[in-house]
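Here's the structure we're looking at; comments come further down.
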Amino acid sequence: MAASSQLQNPLKTPFSIKQQKPCFVKPRRLSLIAAHPCLNGRKLRVAVIGGGPAGSSAAEALASGGIETFLFERSPSTAKPCGGAIPLCMLDEFSIPLHLIDRHVTKMKIISPSNLTVDFGSKSLRTHESIPMLRREVLDSFLRARAGSVGARIIPSLVTRLEIPSSSSSPYIIHHTVNNSRQTLAVDAIIGADGANSKVAKSIKAGDYTCAIAFQKRIKLPDDKMEYYQNLAEMYVGDDVSPDFYAWVFPKCDHVAVGTGTVCAKQDIKLYQRGIKQRVQNKINGGKVIKVEAHPIPEHPRPIRVRGRVALVGDAAGYVTKCSGEGIYFAAKSGRMCGEAIVTASEGGEWMISEDDLKREYLMEWDKRYVRTFRFLDLLQRVFYGSDEAREALVEVCGSEYVQRMTFDSYLYKKLAKGDRWEDVKMVLGTLGS
């Protein structure tokens, strides 16, 4: 039991301030004048808890920037249930190899409660554009390995408890279990990337948020049925499949994911799963269920995303968009931005960081870049997902090539597209007409 009573690589002298020559951070903004504690002959130590896209991207940014980095992942062989769609810009931005992509979706169908079907993308996607589809277990494994290749230490371990320091001169203590052996690790800062049920968020009292539940089955189809979904994804809306979201059929490498989600009626999720199965029954006949998955999905950012020297990213922070339910890109992006913020604030691991540093370099930059997108998609979900009449209007509006092009420009490249005012007026009138 010695392992449980001693610290691994304890920080014997985590901070020291030179008496004769005070240490000051070189100001990156004119307002920065406060002294920062110096690290005495060592690098800043940061633990990332959670090895999905958010945690792995954070660990890669930290290790690449000179930070001593520890990446905890309790289940390296498994992955969060996920539709698996990523925006096109993510391939270049995060250097995702093409061999990880199972399908390049170039056609989508959106099906209304009355089974009105709109082809989405067959005419509005440009020739070089598609929606890449992949499996999370493949992506997560690749990103973790890449973080390890640049110096992050990957620890396959379950984090059981965090000790929060009582002063700014004390380390955070991470209690974790490796092969039934209890161990501890002392670090200067923590990035919580441990999902919607984040233990890190609970430890810093980050507040609660509303969660949806997503439920999907992976179904291996006969070859002729799978051919239909070769480069096609389908979205279904209606009270029979979800009272406040949508259902989906997304193609994978050799199977499809058929699922749905809801916030307000989580207790009825299996009823809605039967509803989507009935809607697509003739397309999946003869298929064999190979996996059943369920997972909570945050519906809005947490009230607190930074406290002390702890920052939350990805699902732990609540970075999943309304309306589309997209989370992979925003998880990876938030992890990278947080990692880079710590590198910047610590000047490559040479200086201690503070809560103000994390809020300034990470949180303010994130909100400035993405808060409008999250609010806009929240508004769309409120308008179009509340009743079958509104869902019928949504599908009708999606028949417009202008609406489709605006949607793809925003989704594929992760920025709100600038529209044409007259076309926007016609879109609003068309929606009201529907």
Side-chain angles (χ1 to χ4, degrees), residues 47-59 70-84 136-137 139-140 143-144 154-164 172-178 182 185 190-216 244-245 259-270 273 291-308 310-322 325-335 338 374:
V48 182
I49 300 176
S56 297
S57 298
F70 303 87
L71 176 58
F72 287 85
E73 171 52 48
R74 66 175 183 174
S75 303
S77 61
T78 62
K80 169 189 166 184
C82 182
R136 276 289 301 273
E137 59 267 31
L139 176 67
D140 292 10
L143 292 176
R144 276 195 301 272
I154 301 174
I155 305 176
S157 176
L158 173 64
V159 173
T160 57
R161 184 166 65 92
L162 301 180
E163 285 186 35
I164 307 300
Y172 291 85
I173 309 299
I174 299 172
H175 294 256
H176 60 105
T177 303
V178 181
R182 290 180 294 173
L185 179 70
I190 295 174
I191 295 178
D194 49 339
N197 294 322
S198 171
K199 193 165 293 183
V200 177
K202 291 182 176 68
S203 297
I204 65 170
K205 297 180 173 57
D208 294 325
Y209 52 17
T210 304
C211 275
I213 185 171
F215 186 100
Q216 73 175 14
D244 53 358
F245 203 53
T260 186
T262 179
V263 177
C264 67
K266 292 190 278 281
Q267 71 279 3
D268 296 323
I269 188 64
K270 291 187 177 180
Q273 183 67 19
K291 195 172 187 179
V292 178
E293 305 169 310
H295 200 79
I297 299 176
E299 280 290 288
H300 57 80
R302 284 190 189 271
I304 295 171
R305 289 165 286 157
V306 168
R307 173 163 278 166
V310 180
L312 302 177
V313 296
D315 283 14
Y319 296 150
V320 177
T321 60
K322 292 284 192 75
E326 181 194 2
I328 297 177
Y329 174 84
F330 292 111
K333 186 67 173 180
S334 63
C338 188
F374 277 70

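All of these numbers come straight from a predicted model, not from anything done at the bench.
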Can you tell me if NZ on Lys202 sees more than 12 non-hydrogen neighbours from other groups inside 6.0 Å?
yes
So which atom in Lys199 and which in Asp194 form the shortest heavy-atom distance, rounded to 0.1 Å?
N-OD2, 2.8 Å
Looking only at non-hydrogen atoms, find the nearest pair between Ala206 and Pro303 and report the distance.
O-CD, 3.5 Å
Quick one: pull up CG in Leu185 and CZ in Phe70 and give me the separation to the nearest 0.5 Å.
5.0 Å
Determine whether a donor-acceptor pair (N or O, by modelled atom type, separation under 3.5 Å) exists between the side chain of Arg307 and the backbone of Ile204.
yes
Looking at side-chain heavy atoms only, is the closest gap between Glu163 and His175 below 4.5 Å?
yes
Do the non-hydrogen side-chain atoms of Thr210 and His300 ever get within less than 4.5 Å of each other?
yes
What distance separates Thr262 OG1 from Asp268 CG, expressed to the nearest 0.5 Å?
8.0 Å
Heavy-atom check, side chain of Leu71 versus side chain of Ser56, under 4.5 Å
yes
Please check: side-chain N/O of Lys266 versus main-chain N/O of Cys211, any donor-acceptor pairing under 3.5 Å?
yes
Within this structure, what is the CD-OG1 distance for the pair Glu299 and Thr321, rounded to the nearest 0.5 Å?
9.5 Å
Looking at every non-hydrogen atom in both residues, tell me the closest pair between Pro53 and Leu143 and how far apart they are.
CA-CD1, 3.8 Å
Sub-3.5 Å donor-acceptor pair from the side chain of Ser157 to the main-chain atoms of Thr177, do we have one?
yes
pair Ile164-Tyr172: side-chain heavy atoms closer than 4.5 Å:
yes
Out of curiosity, Ile269 CD1 to Gln216 CD, how far, rounded to the nearest 0.5 Å?
11.0 Å
Nearest 0.5 Å, please: how far is NZ in Lys205 from CD1 in Ile304?
10.5 Å
Any donor-acceptor pair under 3.5 Å linking the side chain of Arg302 with the backbone of Tyr209?
no
Identify the two heavy atoms, one from Ala196 and one from Asp315, that lie closest to each other, and give their separation to 0.1 Å.
N-CB, 3.7 Å
Scanning both residues in full, the closest heavy-atom pair of Ile191 with Cys338 reads CD1-SG, 3.8 Å
Residues Arg144 and Ile154: closest non-hydrogen pair is O-CD1, 3.1 Å
Look at the side chain of Ser334 and the backbone N and O of Gly314, then say whether any donor-acceptor pair between them is shorter than 3.5 Å.
yes
Val310 and side-chain contact (heavy atoms from CB on, under 4.5 Å): which partner among Leu162, Ile190, Ile49?
Ile190
Between atom OG1 of Thr260 and atom CD1 of Ile213, what is the distance when rounded to the nearest 0.5 Å?
10.5 Å
Is it true that atom CZ of Arg74 has more than 12 heavy atoms of other residues, nucleotides or ligands lying nearer than 6.0 Å?
no
